[in-house]
Amino acid sequence: MNNINSFVSGEELLLQERYKNDIRKKIQGRGYKAFVFTLGCQQNEADSERIRGMLKEVGYTITEKEEEADFLLVNTCAIREHAERRALSIIGRFKHYKAKNPDIVIGVCGCMTAQQHRSEQIKHSYHYVDFAFGTSLLYRLPEFINSALEKGKRRFLLDSEKPQIAEGLKIARESSYKAWVSIMYGCNNFCTYCIVPYVRGRERSRNMCDILAEVRDLAGRGYRDITLLGQNVNSYGKDLEGKPTIADLLNEISKIDGDFMIHLMTSHPKDASSEMIDALANNTHATKHFHLPLQSGSDKILKSMNRHYDKARYLSIVDELKSKIKDVTFTTDIIVGFPGETEEDFEETLDIIKRVRFDSIFSFIYSPRKGTPAYDMEQVPEEVKHARYDRLCEIQNEIANEINQTYVGKTIRVLVDGKSKNNENVYTSRTEGNKIVHFESDLDDTGTFINVKITRADTFALYGEKI
Ligand code: 5AD
Ligand code: SF4
């Protein structure tokens, strides 16, 4: 048995079912519409699918047009200042909807609202917001909406002291072939720049049997691309009885029938074990893409970031992955301008970028987060951060372009992702190594695997012909 304290109780979930019934009665026959705006990472995308699932259950139709919505919700992100500014500006523009129609309900949730100073800011400066709540209280959305429909008191709740997992929430998946499956929530790592452990609580893993049931169901319904989600999927199971590992989970998933790929998002290098790499290498479904956040190439900065690995260890994981998984592709996250980063430290980052040769990198300018240890450290000047960021991008773009040119002439299997935004007959797809491939076609093969012969490449994508 697993630790039952990690799960929201049956009674609590039943109470929410009652609120759902109350909402149904209140909005029945009114044709109410709901608009959900999502900022941030895949974890938030996955949360929004749960939100939409609950909203549909109680009778709302989901709309993409905010101006016609009767319920508006912003699912916020707090990872960098820019994300918070965007959230506040979106909440700000909802003001006039409420002014026009006081019956409209407006809510805010997600990482930003799990911080006390932001929750108070919304409460005091955005009077038309009916409720805001932290990430682990998502399952109480019916309670908050019902109370707002009754014109009850405005509600502002941070996270629960001991966040728990709510199993069984309905998920309204956006895609019919690509799915997120959360395998764990929260983070225990406290990297000194990162707000996540403060807004998503400690690590808690879902039961392996619940995850496997979800993956089996998705595979049975023809899903082709399944991402196992968690802030640090490599430490999956440490809080469960029997301590199943990510390798155990991958090995069980490998036994599930179906033509689907499995991605991991995200792995922490400090917990990347050989056992896990073997489970990926021998997996029937694992993709050949590995996202391994590096953050910095300098041992001094990695230590100050509290990352628990050094440059040599990172390189040895990469070598092991390259030797065990043929044609593996790598992506990473890099933070530029972390407090105390000198020119030499930054050059260590450039050095490792050149050595690993990532297929692509997600680079971020360090953004001080209130409440994290790095907030109080000596900051790198803005202009230095920006100049380093530009240098990093330039070098990476060159590497990505060189790697992409090696694909020209090859035929590769891709999963078709739909029509390209800019061109009618052009489709976008992804390789097993998660590389973007554009190709022309008169047929819509979205959601299926096809073969494409690569004819051209640039820094950001491959281009080819359907075979
Ligand atoms: N500033 C800049 N980037 C950050 N990240 C996390 N916190 C910060 C911050 N304060 C980046 C890390 C992480 C990614 C999701 O966001 O690179 O891996
Ligand atoms: Fe943030 Fe580090 Fe946890 Fe990732 S592992 S969510 S960067 S604290």
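Along the sequence shown, the residues carry numbers beginning at 1. All values below come from the heavy atoms of this structure, side chains included, with hydrogens, waters and symmetry mates left out. Counting starts at 1 for both ligands and their atoms, in listed order.
Contact annotation for Pro197 and ligand 2: only side-chain heavy atoms (C-beta onward) come within less than 4.0 Å of the ligand. With a heavy-atom cut-off of 4.0 Å, Met305 does not touch ligand 2 at all.
Every atom of ligand 1 is numbered from 1 in the order shown, and the set under 4.0 Å from a heavy atom of Gln295 is 12 (C), 13 (C), 17 (O), 18 (O). Of all the atoms in ligand 2, the ones that sit under 4.0 Å from a non-hydrogen atom of Asn189 are 5 (S). For ligand 1 and Arg369, the ligand atoms under 4.0 Å from any heavy atom of the residue are 10 (N).
Of all protein heavy atoms, the one closest to atom 10 (N) of ligand 1 is Ser367 O, 2.8 Å. The protein heavy atom nearest to atom 3 (N) of ligand 1 is Arg80 NH1, 3.1 Å. Annotation: atom 4 (Fe) of ligand 2 to nearest protein heavy atom, Gln231 O, 4.4 Å. Taking atom 18 (O) of ligand 1 as the reference point, the nearest protein heavy-atom neighbour is Asp333 OD2, 2.6 Å. Looking from atom 7 (N) of ligand 1 to the surrounding protein, the closest heavy atom is Tyr193 CD1, 3.3 Å.
Using a 4.0 Å cut-off between charged nitrogen and carboxylate oxygen, Asp217 and Arg221 count as a salt-bridge pair.
Taking a 4.0 Å cut-off on heavy atoms, Ile365 registers as neighbouring ligand 1. Residue contacts with ligand 2 leave out Arg200, since none of its heavy atoms falls under 4.0 Å from the ligand.
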